[in-house]
Asker: 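Below is the structure I would like to discuss, written out as structure tokens.
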Amino acid sequence: MRAPVGGLFRHVLDLAAEQAARGHDVGVMADSTASDSLTNARFAALEPHLTLGLCRIPMSRRPGVGDVTAIRAFARFAQTANASVLHGHGAKGGAYARLAGRTLRTSGRTVSTFYTPHGGTIHYRPDSLEGRVYLKLEELMRPVTSGFIFESDYARRRYDARVGIGAVPARVIPNGLGPADFAPHVPSANAADVLFIGELRDLKGVDVLLQALKRVSATQAVHAIIVGSGPDSETLKTLAKHLELEASVTFPGAMPAAQAFPLGRCLVVPSRAESFPYVVLEAGATGIPLIATNVGGIPEITEGTGLDLIPPDDVPALTASLLDVLSNPAAAHARAEQLKARVGSLFTVAAMTTAVLAFYSETSQR
């Protein structure tokens, strides 16, 4: 994987730790340039379980000449570790795993290469220059792919429509949570009415949330906490100031979701696009009331729970949902309990790992 942040990072850490706990030899290769104390602590906790080691090298976000060096380094890492399965996560990790696997196979090694996009390239517009380049690169790597693993049926359908799965084996294996994620939500004494947790960038729709909060504030007092960091952080703070929300909206920066949940009484996920967001799973596991948009794999998480998802980019719909939750918290909590039951029965790390290992085995035997 490239960027050791967000849902992709959590997925890899959970999967690697559970695979190791089941007696498999596991190694991880990740970017070394994106580094902070929390990331380093998480790697430090995982490293003792990685019998094949932890390798961190520079990985640029965009394609470049440095990728050639990184792919060679990954191939050497995998060869030294005598790895039989290379699993790439995200567009860059997927490219490294598959191209390194091709290098090893040409030298006579038997190795299988799996790829989980985690959204990535499927969010690029196919009519844009950048989208055409990335989607073409994905298409060119299909012949060196042993199997695709998608965390949602939405991601599978979108990838197939934009790139094409072809005859390559593919399976949908949802993200999962561990027992600690199911601790009940207990808001702090001074918890805000509304909470957002995520990266501060256009895709996440925080601007829509701010506009909805402005409308709500016209009828009643409301306090929101926006947890996260990202490229649009300053733009969103400026928007909050422009909307005269400085006194009612707080930006405390990034923190783990478990630490952030007590800060609010209702979580809002106003995303314009998603794949299979961990924050929705995590919210469901805690039982915090949720408002979310009808995008990506979110409907696959909330199906049958009575939670009405709203359209993305719809300020009036989000305003109405906020007013409903604020005026009828008992009903919101009842819906949250239904979601908690569904998440607990379907989306666990144990089930995710079992399915991934089975797919490795079945596909490698072809």
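Just so you know, residue 1 is the first one in the sequence shown, and it goes up from there.
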Asker: Applying a strict under-4.5 Å side-chain criterion to I, L, V, M, F, W and Y, I'd like to know whether V194 and V206 cluster together.
Answerer: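 Yes: a chain of side-chain contacts under 4.5 Å links V194 to V206.
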
Asker: Tell me if a side-chain donor or acceptor on T80 pairs with a main-chain N or O of F77 at a distance below 3.5 Å.
Answerer: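 Pair absent, no side-chain N/O of T80 close to backbone of F77.
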
Asker: Indicate whether the side chain of T51 and that of H24 have a donor and an acceptor atom separated by less than 3.5 Å.
Answerer: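 No.
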
Asker: Between side-chain atoms of residues 343-353 and protein atoms elsewhere (two or more places apart, or another chain), which donor-acceptor pairs fall under 3.5 Å?
Answerer:
from, atom 1, to, atom 2, distance (Å)
S345, OG, A341, O, 3.3
S345, OG, R342, O, 3.0
T348, OG1, A351, N, 3.1
T353, OG1, V349, O, 2.9

Asker: Taking V356's backbone N and O only, do any of them form a donor-acceptor pair with R171's side chain (distance below 3.5 Å, no angle check)?
Answerer: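 Side chain of R171 to backbone of V356, a donor-acceptor pair under 3.5 Å: no, none is there.
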
Asker: Output a table of donor-acceptor pairs, distance under 3.5 Å, between side-chain atoms of residues 225-244 and any protein atom two or more places apart or on a different chain; print 'none' if there are none.
Answerer:
from, atom 1, to, atom 2, distance (Å)
D232, OD2, D202, N, 2.7
T238, OG1, E234, O, 2.9

Asker: Might you point out which heavy atoms bring V26 and A16 nearest each other, and give the distance in Å?
Answerer: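 The pair with the smallest heavy-atom distance is CG1-CB, 3.9 Å.
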
Asker: So, the side chain of T293 versus the backbone of S271: is there a donor-acceptor pair under 3.5 Å, distance only?
Answerer: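 Answer holds: yes.
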
Asker: So if I apply the side-chain contact (heavy atoms from CB on, under 4.5 Å) rule between M29 and each of I57, L86, L52, which one comes out positive?
Answerer: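 Checked I57, L86, L52 against M29; only one passes side-chain contact (heavy atoms from CB on, under 4.5 Å): I57.
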
Asker: State plainly whether one hydrophobic cluster holds both L209 and V216, where clusters connect Ile, Leu, Val, Met, Phe, Trp and Tyr through side-chain heavy atoms under 4.5 angstrom apart.
Answerer: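 Yes, L209 connects to V216 through the hydrophobic network.
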
Asker: What are the two closest non-hydrogen atoms of A20 and H49, and how far apart are they?
Answerer: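 Heavy atoms of A20 and H49 come nearest at CB-O, 3.5 Å.
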
Asker: In this structure, are over 12 heavy atoms from other groups packed under 6.0 Å from R157 atom CZ?
Answerer: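 Counting neighbours around CZ of R157, more than 12 heavy atoms of other residues, nucleotides or ligands fall under 6.0 Å, so yes.
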
Asker: Calculate, to the nearest 0.5 Å, the distance between atoms CG and CD belonging to L13 and E18 respectively.
Answerer: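 Result: 13.0 Å between the selected atoms.
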
Asker: Using distance alone, with no hydrogens and no angle criterion, decide if E151 and T116 have a side-chain donor and acceptor under 3.5 Å apart.
Answerer: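 There is no such pair (donor and acceptor under 3.5 Å, judged by atom type) between the side chains of E151 and T116.
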
Asker: For side-chain contact (heavy atoms from CB on, under 4.5 Å), just list the numbers for R56 and N40, CA-CA rounded to whole Å, side-chain angles, deciding distance to a tenth of an Å, and then say yes or no.
Answerer: CA-CA 11 Å; R56 299 190 67 187; N40 293 336; 3.2 Å; yes

Asker: Same cluster or not: L323 versus L307, using hydrophobic residues (I, L, V, M, F, W, Y) connected whenever any side-chain heavy atoms lie under 4.5 Å apart?
Answerer: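 No; L307 is not reachable from L323 via cluster members.
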
Asker: Using a 4.5 Å cut-off on heavy atoms from C-beta on, say whether the side chain of V111 contacts that of V85.
Answerer: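 Not in contact.
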
Asker: Checking L213 against V249 for the side-chain contact (heavy atoms from CB on, under 4.5 Å) test, could you report, in this order, the C-alpha distance in whole Å, the side-chain angles of both residues, the deciding distance, and whether it holds?
Answerer: CA-CA 9 Å; L213 288 169; V249 177; 4.1 Å; yes

Asker: Report yes or no: do I197 and I298 belong to one cluster of Ile/Leu/Val/Met/Phe/Trp/Tyr joined by side chain heavy-atom distances under 4.5 Å?
Answerer: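 Both belong to a single hydrophobic cluster.
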
Asker: How many angstroms lie between atom CG of L309 and atom CG of N294, to the nearest 0.5 angstrom?
Answerer: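 The CG atom of L309 sits 5.0 Å away from the CG atom of N294.
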
Asker: So, does S146 use its side chain to make a donor-acceptor pair with the main chain of T113 at under 3.5 Å?
Answerer: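 It does hold such a pair.
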
Asker: Carefully, step by step, assess K92 and D67 under the rule salt bridge (charged side-chain N to carboxylate O under 4.0 Å, His left out).
Answerer: CA-CA 9 Å; K92 186 57 70 82; D67 290 329; 3.1 Å; yes

Asker: Write down the atom of P262, the atom of A191, and the distance for their closest heavy-atom approach.
Answerer: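 Answer, listing the atom of P262 first, then A191: O-CB, 3.6 Å.
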
Asker: Once rounded to the nearest 0.5 Å, what's the spacing between atom NE2 of H89 and atom OH of Y96?
Answerer: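 Interatomic distance, H89 NE2 to Y96 OH, rounded to 0.5 Å: 15.5 Å.
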
Asker: Let me confirm one number: the CG-OG distance from D31 to S60, rounded to the nearest 0.5 Å.
Answerer: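 Here the rounded value is 8.5 Å.
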
Asker: Given ring pair (Phe, Tyr, Trp, His ring centres under 6.0 Å), test H87 with Y360 step by step and report yes or no.
Answerer: CA-CA 9 Å; H87 190 163; Y360 287 167; 5.7 Å; yes

Asker: Can any side-chain N or O of Q211 pair as donor or acceptor with the backbone N or O of D207 at less than 3.5 Å?
Answerer: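 The answer is yes, because a donor-acceptor pair under 3.5 Å joins these two groups.
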
Asker: What heavy-atom pair brings P312 and V295 nearest, and what distance separates the two atoms?
Answerer: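 Looking at all heavy atoms of both residues, the shortest contact is CG-CG1, 3.7 Å.
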
Asker: Mind checking whether T354 and R22 have side chains closer than 4.5 Å, heavy atoms only?
Answerer: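 Yes. Closest side-chain heavy atoms under 4.5 Å.
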
Asker: Compute whether any side-chain donor of one residue and acceptor of the other, for T110 and R105, lie under 3.5 angstrom apart.
Answerer: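 No donor-acceptor contact under 3.5 Å links the two side chains.
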
Asker: One pair to check against side-chain contact (heavy atoms from CB on, under 4.5 Å): F9 and R42. What are the steps and the verdict?
Answerer: CA-CA 10 Å; F9 186 37; R42 287 172 171 170; 3.7 Å; yes

Asker: Has R98 got its NZ or CZ under 6.0 Å from the middle of the six-membered ring of Y115, at an angle within 45 degrees of the ring axis?
Answerer: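 Here R98 passes the 6.0 Å and 45° test against Y115.
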
Asker: Are any non-hydrogen side-chain atoms of I301 and L339 less than 4.5 angstrom apart?
Answerer: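 A side-chain contact under 4.5 Å exists here.
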
Asker: Looking at CZ of R156 and CD1 of I149, how far apart are the two atoms once the value is rounded to the nearest 0.5 Å?
Answerer: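 One finds 14.5 Å between CZ of R156 and CD1 of I149.
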
Asker: Report the C-alpha distance between Y154 and E274 in whole Å, list the side-chain angles of each, state the deciding distance to 0.1 Å, and finish with yes or no for side-chain hydrogen bond (donor to acceptor under 3.5 Å, both in side chains).
Answerer: CA-CA 9 Å; Y154 161 80; E274 288 287 356; over 6 Å; no

Asker: Any heavy-atom pair between the side chains of M59 and T33 that's under 4.5 Å?
Answerer: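 They are not in contact (no side-chain heavy atoms under 4.5 Å apart), so the answer is no.
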
Asker: Apply salt bridge (charged side-chain N to carboxylate O under 4.0 Å, His left out) to the pair E337 and K340, showing each step before the final yes or no.
Answerer: CA-CA 5 Å; E337 286 303 312; K340 183 172 185 175; 5.2 Å; no

Asker: Would you say T319's side chain and V315's backbone share a donor-acceptor pair under 3.5 angstrom?
Answerer: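 At least one qualifying donor-acceptor pair exists.
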
Asker: Do D193 and H223 have side-chain N/O donor and acceptor atoms under 3.5 Å apart?
Answerer: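 On atom types as modelled, these side chains do not qualify, holding no pair under 3.5 Å.
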
Asker: For L177 and L281, which heavy atoms make the closest approach, and how far apart are they?
Answerer: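 Heavy atoms only, the tightest pair is CD1-O, 3.4 Å.
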
Asker: Report the C-alpha distance between F276 and H118 in whole Å, list the side-chain angles of each, state the deciding distance to 0.1 Å, and finish with yes or no for side-chain contact (heavy atoms from CB on, under 4.5 Å).
Answerer: CA-CA 8 Å; F276 200 80; H118 293 278; over 6 Å; no

Asker: Got a second to check how far S84's OG is from L104's CG, nearest 0.5 Å?
Answerer: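 So the OG of S84 and the CG of L104 are separated by 11.5 Å.
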
Asker: Strictly distance-based, threshold 3.5 Å: is any side-chain N or O of H185 a donor or acceptor partner for the main-chain N or O of G264?
Answerer: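 Yes, because the side chain of H185 sits within donor-acceptor range (under 3.5 Å) of the backbone of G264.
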
Asker: Do E138 and R142 sit within salt-bridge range, that is, some charged N less than 4.0 Å from a carboxylate O?
Answerer: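 No, E138 and R142 are not salt-bridged.
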
Asker: Consider ring pair (Phe, Tyr, Trp, His ring centres under 6.0 Å). Of F359, F150, F148, which one does F114 pass it with?
Answerer: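 Of the listed options, the one satisfying the test is F359.
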
Asker: Determine, using the 4.5 Å side-chain heavy-atom cutoff (strictly less than), whether L195 and L245 are members of one ILVMFWY cluster.
Answerer: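 Hydrophobic grouping puts L195 apart from L245.
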
Asker: Check whether S217 reaches the backbone of K214 with its side chain - one donor and one acceptor, N or O, closer than 3.5 Å.
Answerer: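 Yes, the answer is positive, given that a donor and an acceptor are paired below the 3.5 Å cut-off.
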
Asker: Can you check whether A283's main-chain N or O pairs, donor with acceptor, with T286's side chain at less than 3.5 Å?
Answerer: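 Checking the backbone N and O of A283 against the side chain of T286, a donor-acceptor pair under 3.5 Å is found.
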
Asker: Specify the closest pair of heavy atoms between R215 and P316, including all atoms of both residues, with the distance to one decimal.
Answerer: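 Closest approach of R215 to P316: NH1-CG, 3.6 Å.
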
